[in-house]
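First the structure, in the form of structure tokens, and then the observations on it.
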Amino acid sequence: NLPASPVHRSTFLDQKGAEATAFMYTHPIYIDGSSLSDILQKTFAITFNLALAVHLESIEQTFDEHLVAFRHNQTVAKQLYELALRLEHVQVFGCHLFAAIMNNLGILSRSSGNSDEIETRMYDQHLLSSLCFLVDTSNAFTGTRAFRGLMANVSHLILKCAAAGAA
């Protein structure tokens with residue numbers, strides 16, 4: 001069951017073993033038979049929604065109690081998000097879904113237990129770039145709680161740049 005609200009907090013252990021929380025984009029794409037005539041659009045929507053469902057399932061599993069299922073679902077969710085990304089390159093739905101996928105891939109990278117810092121940083125940088133693009137284009141998504149949640153997840157990049165510039 002996917003929540004109706006796109007606001008969800010994901011808790012995981014960070015690279016230092018400390019518990020961390022991040023905003024997770026969980027708003028599914030709703031489709032009806034008439035609104036999406038292109039098979040690529042339908043395929044993207046189904047793939048994205050399936051990635052969300054598997055990702056949410058992995059969050060519900062306790063890392064210690066269901067380690068094998070947790071890792072399997074994390075891997076499957078990552079593969080589905082990456083497939084959705086390849087489908088999204090044709091600009092099916094827009095930049096805000098690219099940002100959502102980058103955000104959720106970053107969360108998966110952080111919560112995998114053997115987090116690759118370079119991979120996580122890449123997802124965060126792509127997320128920040130897409131959010132800046134949404135601001136620059138005055139996209140209506142920038143006024144949502146989801147946008148603020150996504151921005152909070154990459155605010156450390158902005159603060160790091162501001163601190164370096166002040167020094």
Side-chain angles (χ1 to χ4, degrees), residues 1-12 20-59 74 77-111 115-166:
N1 292 335
L2 291 173
S5 169
V7 177
H8 184 82
R9 303 297 292 174
S10 176
T11 302
F12 54 90
T21 304
F23 169 84
M24 180 179 160
Y25 187 91
T26 59
H27 191 68
I29 298 169
Y30 295 97
I31 58 174
D32 63 21
S34 63
S35 67
L36 298 174
S37 60
D38 185 350
I39 190 69
L40 189 57
Q41 291 175 329
K42 290 177 185 176
T43 303
F44 172 78
I46 291 167
T47 304
F48 180 80
N49 289 348
L50 188 56
L52 284 178
V54 173
H55 193 169
L56 287 169
E57 177 69 24
S58 75
I59 290 171
Q74 293 266 304
K78 181 179 179 187
Q79 291 170 340
L80 288 167
Y81 282 130
E82 288 171 347
L83 176 58
L85 265 181
R86 286 193 294 279
L87 294 169
E88 178 59 12
H89 277 296
V90 296
Q91 298 299 318
V92 175
F93 286 97
C95 190
H96 77 282
L97 286 173
F98 175 81
I101 292 170
M102 286 293 110
N103 179 74
N104 290 0
L105 280 168
I107 289 172
L108 284 170
S109 180
R110 285 182 190 84
S111 64
S115 179
D116 180 351
E117 187 176 333
I118 294 170
E119 179 182 70
T120 303
R121 190 176 308 133
M122 177 196 69
Y123 293 137
D124 286 350
Q125 288 172 344
H126 285 310
L127 171 58
L128 181 58
S129 294
S130 59
L131 294 175
C132 289
F133 174 79
L134 289 167
V135 169
D136 285 345
T137 59
S138 301
N139 188 292
F141 181 72
T142 59
T144 66
R145 289 186 341 184
F147 177 83
R148 289 189 297 279
L150 294 174
M151 190 58 90
N153 285 354
V154 291
S155 62
H156 66 280
L157 294 176
I158 299 167
L159 296 174
K160 188 185 303 182
C161 289

*Residues in side-chain contact (heavy atoms from CB on, under 4.5 Å) with L80, at least two apart?*
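Listed in chain order: T47, L50, A51, V54, V76.
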
*Is a side-chain donor or acceptor of N153 paired with a backbone partner of F23 at a separation under 3.5 angstrom?*
yes

*Do any N or O atoms from the side chain of S109 and from the backbone of G106 form a donor-acceptor pair under 3.5 angstrom?*
no

I want to check something: taking the side chain as every heavy atom from C-beta on, are [X] and [Y] in contact at a cut-off of under 4.5 Å?
X    : Y    : value
V154 : L150 : no
I101 : Y25  : no
N104 : L52  : yes
R148 : R145 : yes
L131 : M102 : no

*asked:* Can you tell me which residue among F133, F48, F141 is in a ring pair (Phe, Tyr, Trp, His ring centres under 6.0 Å) with H96?
replied: F141

Taking all non-hydrogen atoms of both residues, which atom of [X] and which atom of [Y] are closest, and how far apart?
X    : Y    : value
C95  : L134 : CB-CD2, 3.8 Å
A140 : T144 : O-CG2, 4.2 Å
L157 : Q125 : CD1-N, 4.0 Å
H55  : I107 : NE2-CG2, 3.9 Å

I need the [X] [atom1] to [Y] [atom2] distance, nearest 0.5 Å.
X   : Y    : atom1 : atom2 : result
F44 : Q41  : CZ    : CD    : 10.0 Å
F98 : N103 : CZ    : CG    : 11.5 Å
M24 : L108 : CE    : CG    : 7.0 Å
L83 : T43  : CG    : OG1   : 9.0 Å

_Residues which pass ring-ring contact (aromatic ring centres under 6.0 Å, His included) with F147, listed by chain and number, not counting sequence neighbours_ = none

*asked:* Any salt bridge linking E117 with R121? Criterion: basic side-chain nitrogen under 4.0 Å from a carboxylate oxygen.
replied: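 Salt bridge between E117 and R121, a charged N being under 4.0 Å from a carboxylate O: yes.
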
*Report the C-alpha separation of L105 and L85 in whole Å, then their side-chain angles, then the decisive distance to 0.1 Å, and conclude whether the side-chain contact (heavy atoms from CB on, under 4.5 Å) test is met.*
CA-CA 10 Å; L105 280 168; L85 265 181; 3.9 Å; yes

